[in-house]
J.: 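What follows is a single structure, and I will ask about it in a moment.
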Amino acid sequence: MTDVLRSVADARAFSAGHHVAGRRVALVPTMGSLHEGHVGLVRLARQHADAVVASVFVNPTQFGPGEDFTRYPRDTEGDLAKLASAGADAVFLPDVATMYPPGHATKVTVFGLTEVLCGRSRPTHFAGVTTVVLKLFHITRCDVAVFGEKDFQQLAVIRKMVADLDVPVEIVGHPIVREADGLAMSSRNVYLSAAERAAARSLSAGLADARRAWAAGERDPRALERLVRARVEAAPGADVDYVEARDAADLAALDGPAARPVVVALAVRFGKTRLIDNAVLVPNQ
Ligand code: PAF
């Protein structure tokens, strides 16, 4: 039985009940329209805690003007069924007024990490994410929270916020979950036409090219970027926002051959749909 919590007080009471019994609470924050990747997050959360609460909230503050907030896919009934079968104990399902009551005037910003990669074309996005995630941490009083590694930069930003603000929440990443043909699972994949869906396979194919080159000894970040870009740009309709190889630990730009783990991250538009993906390349692998 999955409890549906709609108010801050309900969410607090849920975790208080577990904490008083000495149980750990995990949070899986989502924007709903759940897929197999989210189910994996819930399962991993279960391994780190005794009780799991998933939040479903399409957070308006992380969408920029002209982005897809109003058309973002919403499927509350389907989400509740999926979370129940994934084993979530509770779902926090607030409305906008609960999360941002009239007069709300505070933002949480992580500087530096948010100005590169996705932050360049979505300059207000990460402040929206960190604001809502910190609120969700305080509301659910979770001990651990699980995020997907497809949003690699988001995960890095959240880890930084947690470290900088001494937030007592353990952050756990879940590996990217992919469709059979390699496309990273995303709630936004439903926007793709059949032709765009076929072309979008070039993202994981390009990253696989980079993995092969890395395994063969390529360490030049520009060469890795060129390989991925060439594969993606060959796909019909692909409009590349960025393809960048950066230090996986701190997203720093790389000027010379990579000696530490590297993330090759990309964002590509197909029509109105913007997809992201990444591969982490580790020395000696
Ligand atoms: O990754 C997402 O779905 C969202 O950015 C998150 C973390 C739920 C915050 O709204």
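Numbering of ligands and ligand atoms starts at 1, following listing order. The chain is numbered in sequence order, starting from 1.
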J.: According to ring-ring contact (aromatic ring centres under 6.0 Å, His included), does anything in residues 121-163 pair up with another residue at least two apart or in another chain? List the pairs.
T.: none

J.: Please write out which residues are connected to L80 in a hydrophobic cluster, directly or through intermediates, given that two of Ile, Leu, Val, Met, Phe, Trp, Tyr count as joined at side-chain heavy-atom separations below 4.5 angstrom.
T.: V4, V28, L34, L41, V42, L44, V52, V56, L83, V91, L93, V144, V146, V172

J.: I need the single residue from L113, V129, V110 that forms a side-chain contact (heavy atoms from CB on, under 4.5 Å) with I158. Which is it?
T.: V129

J.: Identify, by atom number and element, the atoms of ligand 1 in contact range of P29, meaning under 4.0 Å from any of its heavy atoms.
T.: 8 (C)

J.: Taking 4.0 angstrom as the limit and counting only heavy atoms of V132, give me the atoms of ligand 1 inside it, by number and element.
T.: 9 (C), 10 (O)

J.: Report yes if some N/O of T30 lies less than 3.5 Å from some N/O of ligand 1; otherwise report no.
T.: no

J.: May I ask you to check if ligand 1 and Q154 share an N or O to N or O distance below 3.5 Å?
T.: yes

J.: Would you mind listing which atoms of ligand 1 come within a distance below 4.0 Å of any non-hydrogen atom of Q62?
T.: 4 (C), 5 (O), 9 (C), 10 (O)

J.: Any heavy-atom pair between the side chains of T114 and T130 that's under 4.5 Å?
T.: no

J.: Using only heavy-atom distances, determine whether the side chains of T76 and D79 contain a donor-acceptor pair under 3.5 Å.
T.: no

